[in-house]
Structures are given as C-alpha cells and as structure tokens.
Participant: 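My questions all concern the structure below.
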Amino acid sequence: MSRFPTTRLRRLRRTPALRSAFAETRLHPAALVLPVFVKQGLTAPEPIGSMPGVSQHTPESVAALAKEAADLGVGGMILFGIPTAKDAQGSSGWDPDGPVPTATRAIRDAVGEDLVLWADVCQCEYTDHGHCGPLDATGQVVNDDAVAAYVRDAVTYANAGADLVAPSGMMDGQVAAIRAGLDEADHQGVGLVAYAAKYASAYYGPFRDAAESAMVAGDRAGHQMDPANRREAHRELELDVVEGADVLMVKPALPYLDVIADARDRFGLPVAAYQVSGEYAMVHAAAERGWLDGDAALREAVLGIVRAGADLVLTYAALELARSRA
Ligand code: PBG
Ligand code: ZN
C-alpha cells in the first residue's frame, strides 16, 4: 500500500454543480455563428432535406431569424446567397440587389448593429457551372479572375452593411486583394475572415444542396487543401496573416482539430472553425435512427472544437446551442 492518499479525481465530478464549477471549457452563445442561406425570389422559407432544421430563407424570414439570433446573444450570422440568375462569370455575385446585399439591408433594418453580420465571399453559388470562379479551357478556375470577382463581391457586401467578409474560394492572393479593394472603397472598418485552411472535404455535400452550388463536373481539389496536409496549413495560415486577415478560419472542424490547435498556438489572431454541413447532417441522420442523442452529440463536438482552440464556431446548431445555454 502506498504511503500517499489515493488521488481521487472523482471528487470534483460528483455533482452537476461541481462539474460545472470546474469545467475548463464553456460554450457561450457569443462564441457561436449561424450560417444562413438566402434565396432570391423565394416567398416562404424552404426546408433543406439533407439538413434537418435548416431552411433556405427569404429576405424577410432572414430578418426575423437575425432578430432571434441577436436576442439569444449569438456571436454572428454568416450569409450565403442563392441567385435567380447564374452565368459562367457568376456576375450575380456582385449585384447590389442580389440575395446577400438585400438580406443584409433587411437584417440591418431589423437589428441594427446588435448582430455581427458576415458575408461569405465565393462565386460557386453564382456560376452556372458551380465552380468558385471562371474556368479556363481545361476546366481549372482562373485564379486572378476569380480573385477580381471576389473583390467586387466583397465591396458590394460591405456597401450593403456587412461587418465582416469571408472569402472561401481558396484562391492564392485573395486576402490581400480583397483587403486592398475594401480599403480603396473606403471600407477600412470592414474585417476580413480568411478561410485560411479550407480542405477539399467530403463533408460539404449537404451544403451544395442548400446553396445550390454543386459542380456540374469536376471537383475543388485544385484549390482547396489536401486533407492529408497539416504543415501546408501553416503556410496557408501564415500567408493570410501577412496578407491582412483579421480572423483565421479552419474548415471543416471536427476532422481538423490538430489544425485548429496549431492555428491557435502559432498566431495571435482569433481562430474560427466551421462545423460544416456534413458534420451536422451525419449527427442528425444517426439521431433520426435512434443511434445517438443528436443534441448531446452536436454539443460535444462543438465543445471539442472550442477545447482544441477555436474562439468562434460556425455551426448550423448555433440557435439550439444558445437556447440551451450550451
Ligand atoms: C463555398 C463554400 C462551401 C462551404 C462554405 N463555402 C462549399 C464548398 O467549398 O464546396 C461549405 C460549408 C458547409 O458544408 O457547411 N466555397
Ligand atoms: Zn466556392
């Protein structure tokens, strides 16, 4: 027998109050950001089959949702737009009357500055081929033409009242170009969230239904990161810091906790992580079969993402988590 008393780690786990008092990580509503789909021409919200509880919104219904999010103290909302018209260039992306600018103005009218408003910036929802920018003859996205489109998009969304723009296309040089474009348009106060380490992931499947942005042919592996790569993420993150990002994002979240932890350790910028559509949908699918408790599983995943180092988590469960005071 040891001369020392047995260490009893169970003492601090005995009651809910003890566990709560000694929790190392807490989920606060302000750390959650809700992704929202706004569809032009829609007259009533339209549920998304592969994402239970998530709908495409009209500019009116999105304003009500924003009010609810603001009342719950949620940290923000990120908007994705679905236009009525698509072409090879994705020119509806920078239409000041497109879905994102229209929704942004409606939300500002409803909640003023009470909710942080992000606008995702990419062209895949606006091109008829579903790629993140115009294509060359071989079907690859033309980097600098895509970036020029992102600058126009970002300035349009800033003009409409976005607090933050978030380029998700993974083109080289997109952060520097957008920062310069915003500054030139007198939007020095609009921040830039870099989807710095965004992987070519199988977990985006349901999103492409929700945003109607599935590719007619091909994939995004020519610009999004290879899931095998961790050190390459450091280069992506570092470049975006140098190019002027205000926030670094890692996406998806749960399969990339090492990358989230690295981002937190290596850089002083806030770190956001995106719990993507597939991460959300697979929990719901299992829960529907009675195979696990969906709310608990989502909460545990988001807690793990925060524990790994994320300051903010983009999650389709943001309102549910905020309501349960997570
Ligand atoms: C567009 C974009 C995607 C997501 C966010 N922005 C899809 C993609 O890259 O194909 C995915 C989000 C999700 O799955 O929830 N560039
Ligand atoms: Zn895209």
Side-chain angles (χ1 to χ4, degrees), residues 32-38 48 50-56 77-83 86 88-90 92-94 99-100 118-135 140-143 145-147 149-150 153-154 157 164-172 174-175 178 193-227 236 249-256 272-284 298 301-302 305 313-318:
L32 305 171
V33 177
L34 179 70
V36 174
F37 303 98
V38 192
I48 299 158
S50 54
M51 300 179 72
V54 183
S55 294
Q56 293 176 330
M77 208 156 141
I78 178 166
L79 299 182
F80 295 90
I82 302 135
K86 303 191 183 201
Q89 299 298 312
S92 50
W94 55 83
V100 169
W118 307 28
D120 183 88
V121 173
C122 199
Q123 288 289 96
C124 46
E125 295 110 281
Y126 303 94
T127 54
D128 52 14
H129 43 69
H131 283 280
C132 301
L135 302 176
Q140 289 282 322
V141 177
V142 183
N143 193 88
D145 292 353
V147 170
Y150 300 164
D153 295 345
Y157 306 156
L164 302 169
V165 294
S168 62
M170 290 297 282
M171 295 298 137
D172 289 321
Q174 62 183 14
V175 169
I178 292 171
V193 182
Y195 280 77
K198 176 174 173 179
Y199 288 85
S201 174
Y203 290 90
Y204 303 150
F207 174 93
R208 291 175 190 167
D209 290 342
E212 301 179 18
S213 63
M215 290 146 288
V216 173
D219 58 36
R220 309 209 203 289
H223 46 100
Q224 297 179 346
M225 285 185 64
D226 185 333
E236 286 282 2
M249 177 138 62
V250 176
K251 177 183 172 182
L254 205 56
Y256 299 94
Y274 199 143
Q275 182 185 49
V276 301
S277 56
E279 296 179 71
Y280 175 86
M282 65 185 183
V283 170
H284 273 275
L298 279 170
V302 173
I305 293 160
V313 182
L314 286 72
T315 170
Y316 298 96

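All ligand and atom numbering here is 1-based and tracks the order in the structure. No hydrogens, no waters, no symmetry mates; every other heavy atom, side chains included, goes into these values. For reference, positions follow the sequence shown, starting with 1. Everything numeric here is computed off the predicted structure, so don't read it as measured data.
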Participant: Is there a polar contact between ligand 1 and Lys198, counting only N or O atoms under 3.5 Å apart?
Facilitator: yes

Participant: Could you tell me which atoms of ligand 1, counted from 1 in the order shown, lie closer than 4.0 angstrom to a heavy atom of Tyr274?
Facilitator: 12 (C), 15 (O)

Participant: Using a 3.5 Å distance criterion without hydrogens, assess whether the side chain of Glu279 forms a donor-acceptor pair with backbone atoms of Ala253.
Facilitator: yes

Participant: Mind checking whether Phe80 and Tyr274 have parallel, tilted or perpendicular rings, split at 30° and 60°?
Facilitator: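 Because their plane-to-plane angle lies in the 30° to 60° range, the rings of Phe80 and Tyr274 count as tilted.
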
Participant: Strictly under 4.0 Å, does any heavy atom of Gln275 approach an atom of ligand 1?
Facilitator: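 Judged by the 4.0 Å heavy-atom criterion, Gln275 does not count as contacting ligand 1.
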
Participant: So is Lys251 touching ligand 1 or not, going by heavy atoms under 4.0 Å?
Facilitator: yes

Participant: Report, in ascending order of atom number, the atoms of ligand 1 lying under 4.0 Å from any heavy atom of Arg220.
Facilitator: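 Numbered from 1, ligand 1 contributes 8 (C), 9 (O), 10 (O).
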
Participant: How far is atom 12 (C) of ligand 1 from its nearest protein heavy atom, and which residue and atom name does that atom have?
Facilitator: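 Ranked first by proximity to atom 12 (C) of ligand 1 is Phe207 CD1, 3.3 Å.
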
Participant: Restricting to N/O/S atoms, is Cys132 within less than 2.8 Å of the Zn ion (ligand 2) or not?
Facilitator: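 A backbone or side-chain N, O or S atom of Cys132 is under 2.8 Å from the Zn ion (ligand 2).
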
Participant: Output the list of atoms in ligand 1 that are nearer than 4.0 Å to some heavy atom of Cys122, sorted by atom number.
Facilitator: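 What qualifies from ligand 1 is 16 (N).
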
Participant: Could you identify the single nearest non-hydrogen protein atom to atom 14 (O) of ligand 1 and state the distance to 0.1 Å?
Facilitator: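 That would be Ser277 OG, 2.7 Å.
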
Participant: Can you check whether Tyr195's main-chain N or O pairs, donor with acceptor, with Lys251's side chain at less than 3.5 Å?
Facilitator: no

Participant: Does an N or O anywhere in Glu125 fall below 3.5 Å from an N or O of ligand 1?
Facilitator: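 By distance alone, the answer is no.
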
Participant: Specify whether Tyr256 and Tyr199 have parallel, tilted or perpendicular ring planes, treating 30° as the upper limit for parallel and 60° as the lower limit for perpendicular.
Facilitator: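 The rings of Tyr256 and Tyr199 lie parallel, inter-plane angle below 30°.
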
Participant: Main chain of Gln89, side chain of Gln123: is a donor-acceptor contact present, judged purely on distance under 3.5 Å?
Facilitator: yes

Participant: Looking only at atom types and distance, does a side-chain atom of His129 sit under 3.5 Å from a main-chain N or O of Ala217, one as donor and one as acceptor?
Facilitator: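 A pair under 3.5 Å: no.
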
Participant: Ser55 side chain to Ile48 main-chain N or O, any donor-acceptor pair under 3.5 Å?
Facilitator: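 Checked: no pair found.
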
Participant: For Tyr280, state whether at least one heavy atom is located under 4.0 Å from any atom of ligand 1.
Facilitator: no

Participant: For Cys124, is the nearest heavy atom under 4.0 Å from an atom of ligand 1?
Facilitator: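 Cys124 counts as a contact of ligand 1 under the 4.0 Å cut-off.
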
Participant: Taking side chain as C-beta onward, heavy atoms only, is Val302 less than 4.5 Å from Leu32?
Facilitator: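 In short, these two side chains touch, coming nearer than 4.5 Å.
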
